[in-house]
Structures are given as structure tokens and as C-alpha cells.
Amino acid sequence: MSIEKTVKKTPQQQQQQSRPGGPGGRPGQQGRPGGPGGRGGRQGDRPRRPRREPVVEVWEPKTILGRKVASGEITSMEEIYEKGYRILESGIVKKLLPDLKTEVIDVGLIQKMTPNGQSTRFKALVAAGNQNGWLGIGLGKSKQMRIAIEKANNAAFLNVVPVNLGCGSWECRCDRKHSVPFTVKGKSGSVTIEILPGPKGLGLVAGGKIRNLLKLAGVKDAWTHTSGSTATMASTSKALLACLKQTWSQG
Ligand SMILES: [Zn+2]
């Protein structure tokens, strides 16, 4: 007991000491000697941490490719892909595709037993797309939700791949890029996705999450066919990326 008491007392003493010196004398000081019982009602007096100003990050390129992009030597993502460079900085993608939007597709818990008990981590799946032919999906894991999403964001930027949009619909036969150029099929895990070109004005015939991903990629009109457990977003997003990669396979 005696140990507990000393432990409990010290933070209070520290608070009392620091209180008079704090910025702007706080009005509720006389309530403090009431001891640990008086805790509940004094939430309003608790010193507030000053709100952090949103820092506008200036991108400093660290790789050769990054420097080339920053200096204006390389001006498009297509160029990077044609030359087969590897992107290691998300800043490159952010600069060349400024209209890229990110969307959190899925979040989840990872739990495992360790000798010390259970460990819990978070995972997040984020998609990045500009609704005009570029899509990337990234996975991030961390003990904190926010960091997991940040990591996933970064990974999604790095994984951005081009999608060959077109119009493969015999009902439409236009040359505009509103659908896929032909039927494509992709598989990952148990999930199989098939995307069929549709005529203009059809919209996306797909389940909610797949529809979001197709929209981010820039596909506007298409039918989809799925089988397997599409609730597993990790597999579903991979299968969809496999589909979209196939748009380059022919023609
Ligand atoms: Zn068309």
C-alpha cells in the first residue's frame, strides 16, 4: 500500500508545483486540494495542449529519379514507366499526378498471442487513383491506426499503375476512354473478377467496394462478374489490379 500511495502522490505534487507557474492563472485552483475524489468534475480545467499547426511538407527528393522529377527533367508518369524506372518516393507520384485521390478501403485488426499476452496491431488498405487511368493499392500495418493508414497511403502512391482505358462495347463503339477496351479477368485467392466493357451511360454495375475502386481508376461504364469471398478486400483489390493490368495485354 505504502508504495502505491507514494506513486499516486507524486504526479499530484508535480501538478501543484507546475500550476501557479502555468500560462495565465487558471480560475479553478481552489478545487485542487480535494484529493483524488475531485477528479471527475474538473475536466474543463485540464491544461489544453496547444493545437498543432498543419505543417505543409516541402518535398525533398532523396533519389536520383526524385531529383530529376523535381528539377523538371522528367515531366510525366508515362515517361517513368516507359523507361522502367522504379519509384521509391511517394513525392514523385504526388508531383506528377497531383489530382491523385486516396481512399481507405478497408481497416482491420491483426491479433496474435505472444509470450507476454495478446498483441494487437492495425492494418489498413488504401487505394489511390486519379479517376483517369491511374490506380494504386497499398497495405499498411502498425500499432497505431493513424500510422497504419499513413503507411498504406504511401504504399498506394508507390504502387500506382496505369490502366488502359478504352471502349470495347459493341453497343457504343466510340473512341472515348470510359470503359475497358475488352473483357478482362483477374484472380487472387478465391476471388475472381471479370470486367466487361459497357456502353456509355450504363454506369458501374458492381458491388460497392469494387465500384469505388473502378471509379478511382477511371472506369465509368462496365459490367462486373465476381466469384469467391469478395468480402476479403485484400484479395479483391489484388484481383481487380490483375484485371486492370490485363487491359494492356492485347491491343
Ligand atoms: Zn463507348
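Atoms within each ligand, like the ligands themselves, are counted from 1 in listed order.
- Atom OG1 of Thr232 sits about 9.0 Å away from atom CG of Asp106, to the nearest 0.5 Å.
- Annotation: protein N, O or S atoms under 2.8 Å of the Zn ion (ligand 1) (waters excluded) comprise Cys167 SG, Cys172 SG, Cys174 SG, His178 NE2.
- Cation-pi geometry between Lys94 and Phe157 is met: the NZ or CZ atom falls under 6.0 Å from the ring centre, inside 45° of the normal.
- Counting non-hydrogen atoms of other residues, nucleotides and ligands closer than 6.0 Å to CG of Asp175 gives a total of 12 or fewer.
- Under the ring pair (Phe, Tyr, Trp, His ring centres under 6.0 Å) criterion, Trp134 pairs with Tyr81, not counting sequence neighbours.
- Note that CD of Gln118 is 9.5 Å distant from CG of Leu109, once rounded to the nearest 0.5 Å.
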Checklist entry - Going through the distances and angles, do Leu165 and Val180 end up as a side-chain contact (heavy atoms from CB on, under 4.5 Å)? => result CA-CA 5 Å; Leu165 299 173; Val180 282; 5.5 Å; no
